[in-house]
Amino acid sequence: MSDMTPAPPRPEVITATAVDDTRDTDIPAMTLRNVSVAFSGKHAVRDVSFDVPTNQVTSLIGPSGSGKTTLLRALNRMHDLTRGANVTGEVKLGGLDVYAPTTRPMLLRSRVGMVFQRPNPFPTMSIYDNTVSGLRFNGIRRKSLLDEAAESALIAAALWDSVRGRLKASAGTLSGGEQQRLCIARALAVEPEVLLMDEPTSSLDPSATKRIEELMSELKDRVTIVIVTHNMQQATRVSHHCAFLLMGEDKAGELIEVGPTRKLFTEPSDPRTEDYVNGRFG
């Protein structure tokens, strides 16, 4: 679909449901300063700067190709795994320089977890083993600690009641929505400070989508969340802050505007933001 494909306006939905964005957030969970991502010398994202408020939900919004997922993956060094990728600028997790040579990527990813677009539980593992896999990778072997962490994470992911009697069953026996909540539980088990979510409901039905959205609201006091979404109604339902990205003339994603969700959807500073959130393109 073209980035400029027109869609019906939807301001009446947007203005009615924006999350309360008036809370104090103290020190940001993460800070981005002039962050750019290039692949084989060609920029996909350029010069993005903003703060990620602590214990709130921040949505990255914008048309396809505007660099949202690329930027999200830069926050926990997922691009380290991509040949030809180069990230410049500064990303900080509290006081930790994410891209410092002394920062170990695998340990960073236990502090900044990731939930992908499609549920990706380990197919050969049980529900229990999926949940505690990150802990085992980090060297935790004591069964009592693993059991406690598994129960805590599955409760937090609103999955415990439905799986407590079948923890040894394959993760493949779960529904799509349950598999995505299992992936959330797996990320939560290592107690991250930030949880990145890349369109976590795009492959789910409306009922499962509603449960994941409710879960994000419940989790925000436990973990800071950054979510990529193409769904403007979802952005207003779940997020306190939004960052709007748009593809520039050279096809690199640029940050157009960032701010509290209600303000960005009702009183945007840039006319391009107003056009996008009201469905005039994208």
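Note that the coordinates shown come from a computational prediction; the quantities given were computed from them, not determined experimentally.
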Side-chain heavy-atom pair I212, I184 within 4.5 angstrom cut-off: yes
D250/K42 salt bridge by N-O under 4.0 Å criterion: no
Closest non-hydrogen atom pair between R109 and R77, with its separation: NH2-O, 2.7 Å
Check: V48 and L71 side chains under 4.5 Å, non-hydrogen atoms: yes
K92 bridged to D51 by N-O distance under 4.0 Å: no
Side chain proximity check, V98 to N76, heavy atoms < 4.5 angstrom: no
Side-chain touch C242/T58, heavy atoms, less than 4.5 angstrom: no
Value rounded to 0.5 Å, distance of OH in Y276 from CG in L264: 11.0 Å
NZ or CZ of R186 within 45° of F122 ring axis and under 6.0 Å: yes
Main-chain N/O of E148 paired to S152 side chain as donor or acceptor, under 3.5 Å: no
Electrostatic pair D275-R272, nearest N-O below 4.0 angstrom: no
Exercise: identify the closest heavy-atom pair between A185 and L154: CB-CD2, 3.9 Å
D129 side chain vs M125 backbone, donor-acceptor pair below 3.5 Å: no
Heavy-atom side-chain proximity of T224 to E193 below 4.5 angstrom: no
Residues K68 and H230: side-chain donor-acceptor under 3.5 angstrom: yes
Polar side-chain atom of R222 near backbone of A156 as donor-acceptor pair, under 3.5 Å: no
Under 3.5 Å: donor-acceptor pair, side chain of T201, backbone of L204: no
Whether H79 and F39 hold their rings parallel, tilted or perpendicular, with breakpoints at 30° and 60°: perpendicular
E90 (side chain) donor-acceptor with L32 (main chain) under 3.5 angstrom: no
Worked check of side chain to side chain contact (heavy atoms under 4.5 Å, CB included) between L146 and R136: CA-CA 8 Å; L146 295 175; R136 284 177 169 156; 3.7 Å; yes
Under 3.5 Å: donor-acceptor pair, side chain of E199, backbone of F116: no
Separation between CZ of R237 and OG1 of T229, rounded to the nearest 0.5 Å: 8.5 Å
Shortest non-hydrogen contact between A44 and T70, atoms and distance: CB-CG2, 4.1 Å
Check: Y99 main-chain N/O paired with T103 side-chain donor or acceptor under 3.5 Å: no
Heavy-atom donor-acceptor pair, Q56 side chain to H240 backbone, under 3.5 Å: no
Atom pair OG1/CD of T266 and E274 - distance to nearest 0.5 Å: 10.0 Å
Closest approach of I127 to S170 (non-hydrogen atoms, all atoms of both residues): CG1-O, 4.2 Å
Side-chain heavy-atom pair L182, L159 within 4.5 angstrom cut-off: yes
Over 12 non-hydrogen atoms of neighbours within 6.0 angstrom of CZ in R141: yes
Heavy-atom closest pair, residues S269 and E257: N-OE2, 2.6 Å
T173 side-chain N/O to A169 backbone N/O, donor-acceptor pair under 3.5 Å: no
Under-4.0 Å salt bridge between K210 and E213: no
Within 6.0 Å of CD in Q117, more than 12 heavy atoms from elsewhere: yes
Electrostatic pair E218:R211 at N-O distance under 4.0 angstrom: yes
Beyond-backbone contact of P121 with C183, side-chain heavy atoms, under 4.5 angstrom: yes
Side chain to side chain, Q234 and T209, heavy atoms closer than 4.5 Å: yes
Nearest atoms (heavy-atom pairs only) where T261 meets A235: CG2-O, 4.1 Å
Donor-acceptor contact below 3.5 Å, side chain R181 vs main chain A158: yes
